[in-house]
K.L.:
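Here it is, the structure, as structure tokens.
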There are 2 protein chains.
Amino acid sequence: MLKLSRLADYAIVILVKLGEQDGVVTSPALAGITGVPEPTVAKVLKVLSAHGFVLSQRGAKGGYRLARSLAEMSVASVIAAVDGQIALTACVGGRECDTGLSCGLCGSWDVINTAIRSTLEGISLESMRPKEACSTVLHQINKLNVAQTIREGA
Amino acid sequence: MLKLSRLADYAIVILVKLGEQDGVVTSPALAGITGVPEPTVAKVLKVLSAHGFVLSQRGAKGGYRLARSLAEMSVASVIAAVDGQIALTACVGGRECDTGLSCGLCGSWDVINTAIRSTLEGISLESMRPKEACSTVLHQINKLNVAQTIREGA
DNA sequence: TAATTAAAGACCTGAATGGTCCTGTTTCGG
DNA sequence: CCGAAACAGGACCATTCAGGTCTTTAATTA
Ligand code: SF4
Ligand code: SF4
């Protein structure tokens with residue numbers, strides 16, 4: 001359905017919420033903040049930690065904190081870390097389609113793939129923040145609409 | 001994984017291949033052309049017929065043919081027909097997230113959602129054709145890159 | 001050093017998708 | 001008129017993988 005996995009969605013939410021906190025935050029605390037079940041939060045944080053998005057502090061009084069600012073994290077990188085590389089079809093980067101058919105559309109899909117990926121690359125988590133970032137997002141969508149107009153005009 | 005469902009992929013391929021044939025084509029024939037298993041081809045064609053993408057001719061010497069030209073079909077419309085509306089997250093159009101959490105990011109996701117959807121709307125199946133359409137696709141990607149550059153420059 | 005606390009890893013369950021098949025209806029050819 | 005061919009529609013099963021739960025392991029602190 002061209003939908004994002006729920007884990008990836010949660011990862012974005014968790015990172016944004018984590019960025020709004022001070023100091024280290026524990027998994028149960030983040031679960032309370034986000035409303036996501038605690039084990040799931042822990043699982044997501046594990047993945048994010050393994051990919052260097054958050055720094056973990058073990059032991060008593062431990063927890064997580066961001067490894068870098070939200071502005072330095074793109075939506076695409078988080079999705080790629082949680083769900084694997086963005087690939088609309090099976091034939092990206094020259095990989096063979098399981099049916100072994102050479103439909104010749106691979107190149108076209110690669111183009112679309114790259115377009116969507118780069119679009120998501122250009123959106124930072126900072127832009128996803130609700131409050132004061134609304135204007136930022138609207139700013140970006142205005143740019144996108146302009147781009148869209150340009151492309152449709154062709 | 002932000003991947004397209006296989007059925008949707010097949011639908012695109014089948015439509016493009018169907019557009020390259022003359023007259024009506026049977027499911028088995030299309031299966032031979034595309035390499036997709038025949039029952040799956042039939043299933044996809046049924047869906048496409050129900051949504052008005054192809055016209056069906058029943059009985060002996062029957063088959064399928066395009067209802068309109070490839071240029072009049074967008075990638076997004078085919079995906080929506082096969083897989084349902086494009087929606088990255090559970091909270092689009094004001095629908096509530098199943099966790100019931102008001103994370104406040106919904107608006108931002110809606111923006112991204114719309115951007116991707118409109119991008120796919122702007123790509124026609126004619127642009128997906130392999131041979132002479134390559135230049136067309138490259139043409140489009142150049143436009144997208146320009147748009148990307150504009151947005152990143154902000 | 002021992003108790004406390006949280007991260008890290010392994011495991012299991014269930015829903016959704018993909019794929020298959022069967023029956024009925026319609027049309028053309030003999 | 002009869003039979004073969006092809007679509008229409010639905011039901012059915014099998015597989016995958018996302019989602020969630022559990023146990024183990026390590027670090028911090030008193
Ligand atoms: S080769 Fe064709 S059918 Fe296979 S994944 Fe690529 S576009 Fe889809
Ligand atoms: S409300 Fe938040 S967590 Fe729920 S689907 Fe929307 S963005 Fe994701």
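Side chains are part of it too, since the values below use all heavy atoms of this structure and drop only hydrogens, waters and symmetry mates. Each chain gets a letter, A, B and so on, in the order its sequence line appears, and its residues count up from 1. Values in this document were obtained by computation on a predicted structure and should not be read as measured data.
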K.L.:
Using only side-chain N and O atoms of B:Tyr64, determine if any of them is under 4.0 Å from OP1 or OP2 of D:dA8.
P.N.:
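True: B:Tyr64 side-chain N/O within range (under 4.0 Å) of D:dA8 OP1/OP2.
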K.L.:
Measure from CD on A:Glu38 to C1' on D:dC22 and round the result to the nearest Å.
P.N.:
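That distance rounds to 12 Å.
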K.L.:
Which nucleotide in the set D:dT21, C:dT27, C:dA7 lies at the smallest distance from any side-chain heavy atom of A:Pro39?
P.N.:
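So the nucleotide nearest the side chain must be D:dT21.
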K.L.:
Which sits closer to the 5' end of DNA chain C, B:Ala8 or A:Val25, going by the nucleotide each is nearest to?
P.N.:
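Checking each residue's closest nucleotide, the 5'-ward one belongs to A:Val25.
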K.L.:
Between A:Thr40 and A:Gln57, which residue's closest nucleotide on DNA chain D lies nearer the 5′ terminus?
P.N.:
A:Thr40
K.L.:
Could you tell me whether the side chain of A:Thr114 and the main chain of A:Asp110 form a donor-acceptor pair under 3.5 Å?
P.N.:
yes
K.L.:
Would you mind reading off the distance between A:Leu30 atom CG and C:dA7 atom C1', rounded to a whole angstrom?
P.N.:
14 Å
K.L.:
Return the nearest nucleotide to the side chain of A:Lys43; candidates are D:dG19, D:dG10, C:dT4.
P.N.:
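Closest nucleotide among those given: D:dG19.
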K.L.:
Using the side-chain heavy atoms of A:Arg6, tell me which of these nucleotides is nearest: C:dG18, D:dA8, D:dG19.
P.N.:
D:dG19
K.L.:
Return the value, rounded to whole Å, for the distance between atom CG of B:Leu48 and atom P of D:dC7.
P.N.:
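Computing the B:Leu48:CG to D:dC7:P distance gives 14 Å.
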K.L.:
Is there side-chain contact between B:Ser124 and B:Val75, with at least one heavy-atom pair below 4.5 Å?
P.N.:
no
K.L.:
A:Phe53 and A:Val24: same hydrophobic cluster, using ILVMFWY side-chain contacts below 4.5 Å?
P.N.:
no
K.L.:
Taking the side chain of B:Lys46 as its heavy atoms from C-beta onward, which of C:dG19, D:dG9, D:dG19 lies nearest to it?
P.N.:
D:dG9
K.L.:
Please determine whether a side-chain nitrogen or oxygen atom of B:Ser49 lies at a distance below 4.0 Å from atom OP1 or OP2 of D:dC7.
P.N.:
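Answer no for this pair, as no side-chain N or O of B:Ser49 is under 4.0 Å from OP1 or OP2.
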K.L.:
Please give, in whole Å, the distance from D:dG19 P to A:Ile14 CD1?
P.N.:
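Distance check: A:Ile14 CD1 to D:dG19 P gives 12 Å.
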K.L.:
Look at the side chain of A:Pro37 and decide which nucleotide, out of D:dT21, C:dG18, C:dG9, has an atom nearest to it.
P.N.:
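Among D:dT21, C:dG18, C:dG9, the one nearest the side chain of A:Pro37 is D:dT21.
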K.L.:
Is a donor-acceptor pair below 3.5 Å formed from side chain B:Arg58 to base C:dT27, judging by atom type as modelled?
P.N.:
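No such pair is found, so the answer is no.
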K.L.:
Send over the distance from B:Leu45 CG to C:dT20 P, rounded to a whole Å.
P.N.:
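It is 15 Å, rounded to the nearest whole Å.
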K.L.:
A:Ile12 and B:Trp109: which non-hydrogen atoms are nearest, and at how many Å?
P.N.:
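Smallest heavy-atom distance, with atoms named: CG1-CZ2, 3.8 Å.
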K.L.:
As a test of reading the structure: which of D:dA4, C:dG19, C:dG29 is closest to the side chain of B:Lys61, going by heavy atoms?
P.N.:
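Among D:dA4, C:dG19, C:dG29, the one nearest the side chain of B:Lys61 is C:dG29.
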K.L.:
Expressed in angstrom and rounded to an integer, what is the separation of A:Asp9 atom CG from D:dG19 atom C1'?
P.N.:
14 Å
K.L.:
Over how many whole Å does the gap from A:Leu2 atom CG to C:dA16 atom C1' extend?
P.N.:
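Interatomic distance, CG of A:Leu2 to C1' of C:dA16: 16 Å.
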K.L.:
Using atom types as modelled and distance alone, determine if a side-chain donor or acceptor of B:Thr119 lies under 3.5 Å from a backbone N or O of B:Ala115.
P.N.:
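Confirmed, B:Thr119 side chain pairs with B:Ala115 backbone.
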K.L.:
Nearest heavy-atom pair of B:Asp83 and B:Ala8: which atoms, and what distance?
P.N.:
OD2-CB, 3.4 Å
K.L.:
Between atom CG in B:Leu55 and atom C1' in D:dA8, what is the gap in whole Å?
P.N.:
15 Å
K.L.:
Report yes if a side-chain nitrogen or oxygen of B:Ser27 is closer than 4.0 Å to either non-bridging phosphate oxygen (OP1 or OP2) of D:dA6; otherwise report no.
P.N.:
no
K.L.:
Look at all strands and tell whether B:Leu7 reaches a base, only sugar-phosphate, or nothing, counting heavy atoms closer than 4.0 Å.
P.N.:
sugar-phosphate
